[in-house]
Amino acid sequence: KLEANSDSFTLHKVSVQSVDMFGPRVGFVKLKSEVTDRDGDPLAGICFLRGGTVAVLVILRCAETGEEHCLQVEIDNVCAVLPAGMALPAGMLDGNGDFVGAMAREMEEETGIKCDSAN
């Protein structure tokens with residue numbers, strides 16, 4: 001996609017502003033870029049990257065009506081837009097490559113729903 005739109009902007013510079021480590025693993029990285037559009041006007045250039053993560057999209061279907069609902073959890077931290085924002089159950093991978101195990105762990109931690117990571 002960037003190649004198809006490369007005439008729409010020019011990337012001049014990328015600086016790594018900070019790196020937060022979780023033990024030996026990269027947790028968070030903050031980048032600042034200098035980017036201009038085709039008219040030379042600056043574009044927003046702050047980017048926040050996160051280490052390996054898992055998020056779970058759970059769709060619940062009402063047996064009686066067939067109506068579908070998306071399961072979300074309430075978050076209340078300094079990164080939330082609102083004091084009690086809503087988000088998908090999510091969390092960091094622990095570095096062992098066990099994506100399904102991480103999903104099951106986050107579901108139980110954030111919703112109380114136990115998932116069998118073998119299934």
In this structure, would [X] and [Y] fall into the same cluster of hydrophobic residues linked by side-chain contacts under 4.5 Å?
X: Leu60; Y: Met107; value: yes
X: Val16; Y: Val26; value: yes
X: Phe9; Y: Ile46; value: no
X: Val100; Y: Met92; value: no

Let me confirm one number: the [atom1]-[atom2] distance from [X] to [Y], rounded to the nearest 0.5 Å.
X: Lys30; Y: Gln17; atom1: NZ; atom2: CD; value: 4.0 Å
X: Met103; Y: Leu93; atom1: CE; atom2: CG; value: 11.5 Å
X: Asp20; Y: Leu49; atom1: CG; atom2: CG; value: 12.0 Å
X: Glu106; Y: Thr53; atom1: CD; atom2: OG1; value: 9.5 Å

(request) Please report the shortest heavy-atom distance between Cys70 and Leu88, naming the atom on each side. (result) SG-CD2, 3.9 Å

(message) Looking at every non-hydrogen atom in both residues, tell me the closest pair between Leu71 and Pro89 and how far apart they are.
(response) O-CD, 4.0 Å

(request) Please examine the side chains of Val56 and Glu110, heavy atoms only from C-beta on, and report whether any two atoms are closer than 4.5 Å. (result) no

(message) Once you measure the plane-to-plane angle for Phe22 and Phe28, does it fall in the parallel (<30°), tilted (30-60°) or perpendicular (>60°) bin?
(response) perpendicular

(message) If we ignore hydrogens and angles and just use 3.5 Å, is the side chain of Asp37 paired with the main-chain N or O of Asp39 as donor and acceptor?
(response) yes

(message) Could you check whether any side-chain N or O of Ser33 sits under 3.5 Å from a backbone N or O of Gly45, counting only pairs where one atom can act as donor and the other as acceptor?
(response) yes

(request) Apply the test side-chain contact (heavy atoms from CB on, under 4.5 Å) to residues Ile113 and Val58: give CA-CA distance (whole Å), side-chain angles for both, the deciding distance (0.1 Å), then the verdict. (result) CA-CA 11 Å; Ile113 299 171; Val58 179; 5.9 Å; no

(message) Going by side-chain hydrogen bond (donor to acceptor under 3.5 Å, both in side chains), name the pairs with one or both residues in residues 55-68, residues two or more places apart or in two chains.
(response) Arg61-Glu68, Glu67-His69

